[in-house]
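Structure first, commentary second.
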Amino acid sequence: MARKRLLMLLKPFDVYPSHEPSVISYSSSLKVGRYLNDRMLVHKNAINFCQKVLKRKPVDWKAVFRNDVSQVISDVDLVITVGGDGTLLQASHLMDDRIPVLGVNSDPTRPEELEEFNEEFDATRSTGYLCASTANNFEQILDEIIENHYEPSELARMAIRINSKLIPTSALNDVLLAHPCPAAVSRFSFRDGRNKKPSSSLVHCRSSGFRVSTAAGSTAAMLSAGGSVMPILSNDLQYIVREPISPGALSSLMHGFVKFEERLEVTWFCSEGLVYIDGSHLVHSIGHGDVIELSSMAPSLKVYLPRHLLSQ
């Protein structure tokens, strides 16, 4: 049997900021500093542990930091991301639908830590919602994958077109349309359609922006904005108008769902705007009159999901 070829994609260490003690609250600042330093050490130890495991397995592998990869990932049988959901998202932008990905949450949140620091700062660590593994069970999960006892799931991704031109990057979590200035009002219209024919009336909006998510992204910013959690394997999209200004009779249209065979069409009516894909790192500029089309027609992504998500 041919040896599997693996690529390990790593969250960089410089995302953990250095911390200087504050003159105002020296004691609290020292706690924050220790907390941040511990997070970096835990992440580093998880990377070292995973690499030691790989050295014992019948696989060929290499490790690179996620910021050092700019080309499409190919010629591997599996991508392993070590970090959190952000690292898995970044990997998804460089992968097609042939290669599966396993997420390792290198720095899980500790409940006792949340309780200890509750009144001083938010001690939440990495959520790792899409990560099936931590350092604790990495070897077990990896063995199951190598022995073909663990099957990846197919997560829907979102295709994005601006003025009919397909954006090469598909969104795994969500897309946000907004003015470059957070305090500025965005003006746009939207409606959904099927087979390039409108199936709903045109909705005109003034708001702080427009967010559209996949099922995988429905537990992230979409949920925080007032959206709903979707079944993880759903192929539908969900949209919400952020902070609509005087929606009036149209309030029921500010939030809804788009079926797989449908598309969402947004026309932008500001002189400038931005399309954010899966956060703030991938951004495309838009202007007055531009038409943004969003659908589930993008190739899916194969992900080894936590089993508890599949049972929900």
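When reading the values below, keep in mind they use all heavy atoms of this one structure, side chains included, and skip hydrogens, waters and symmetry mates. Positions are given from 1, in the same order as the sequence printed here.
Taking the six-membered ring where the residue is Trp, Phe121 and Phe117 present parallel rings, their angle staying beneath 30° rather than reaching 60°.
Identified under the salt bridge (charged side-chain N to carboxylate O under 4.0 Å, His left out) test for residues 93-109, with sequence neighbours left out: Arg39-Asp107, Asp96-Arg98, Asp107-Arg125.
Of all non-hydrogen atoms in Val15 and Lys11, the two that sit nearest each other are CG2-CE, 3.2 Å.
Judged by distance alone, the side chains of Asn173 and Asp278 never bring a donor and an acceptor atom under 3.5 Å apart. Between Ser106 and His43, the side chains place a donor N or O and an acceptor N or O closer than 3.5 Å (distance only, hydrogens not considered).
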Would you be so kind as to tabulate the donor-acceptor pairs closer than 3.5 Å made by side chains of residues 52-63, with sequence neighbours excluded?
{"residue": "Arg56", "atom": "NH2", "partner": "Glu139", "partner atom": "OE1", "Å": "2.9"}
{"residue": "Arg56", "atom": "NH2", "partner": "Glu139", "partner atom": "OE2", "Å": "3.2"}
{"residue": "Lys57", "atom": "NZ", "partner": "Glu139", "partner atom": "OE2", "Å": "2.9"}
{"residue": "Lys57", "atom": "NZ", "partner": "Asp143", "partner atom": "OD1", "Å": "2.9"}
{"residue": "Lys57", "atom": "NZ", "partner": "Asp143", "partner atom": "OD2", "Å": "3.4"}
{"residue": "Asp60", "atom": "OD1", "partner": "Arg3", "partner atom": "NE", "Å": "3.1"}
{"residue": "Asp60", "atom": "OD1", "partner": "Arg3", "partner atom": "NH2", "Å": "3.2"}

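The number of heavy-atom neighbours closer than 6.0 Å to CD of Glu115, taken from other residues, nucleotides and ligands shown, is 12 or below. Heavy atoms of other residues, nucleotides or ligands lying less than 6.0 angstrom from CD of Glu112 number more than 12.
Contacts of Ser218 classified as side chain to side chain contact (heavy atoms under 4.5 Å, CB included), with partners at least two apart in sequence or in another chain: Ser213, Val229, Met230, Gln238. Scored by the ring-ring contact (aromatic ring centres under 6.0 Å, His included) test, His288 finds Phe269 as partners (sequence neighbours excluded). By the side-chain hydrogen bond (donor to acceptor under 3.5 Å, both in side chains) test, Ser126 is found to be paired with Asn105, residues two or more places apart in sequence or in another chain being considered. Under the side chain to side chain contact (heavy atoms under 4.5 Å, CB included) criterion, Ile240 pairs with Arg211, Met222, Ala225, His255, not counting sequence neighbours.
The line from OH of Tyr304 to CG of Leu142 is 9.5 Å long, rounded to the nearest 0.5 Å.
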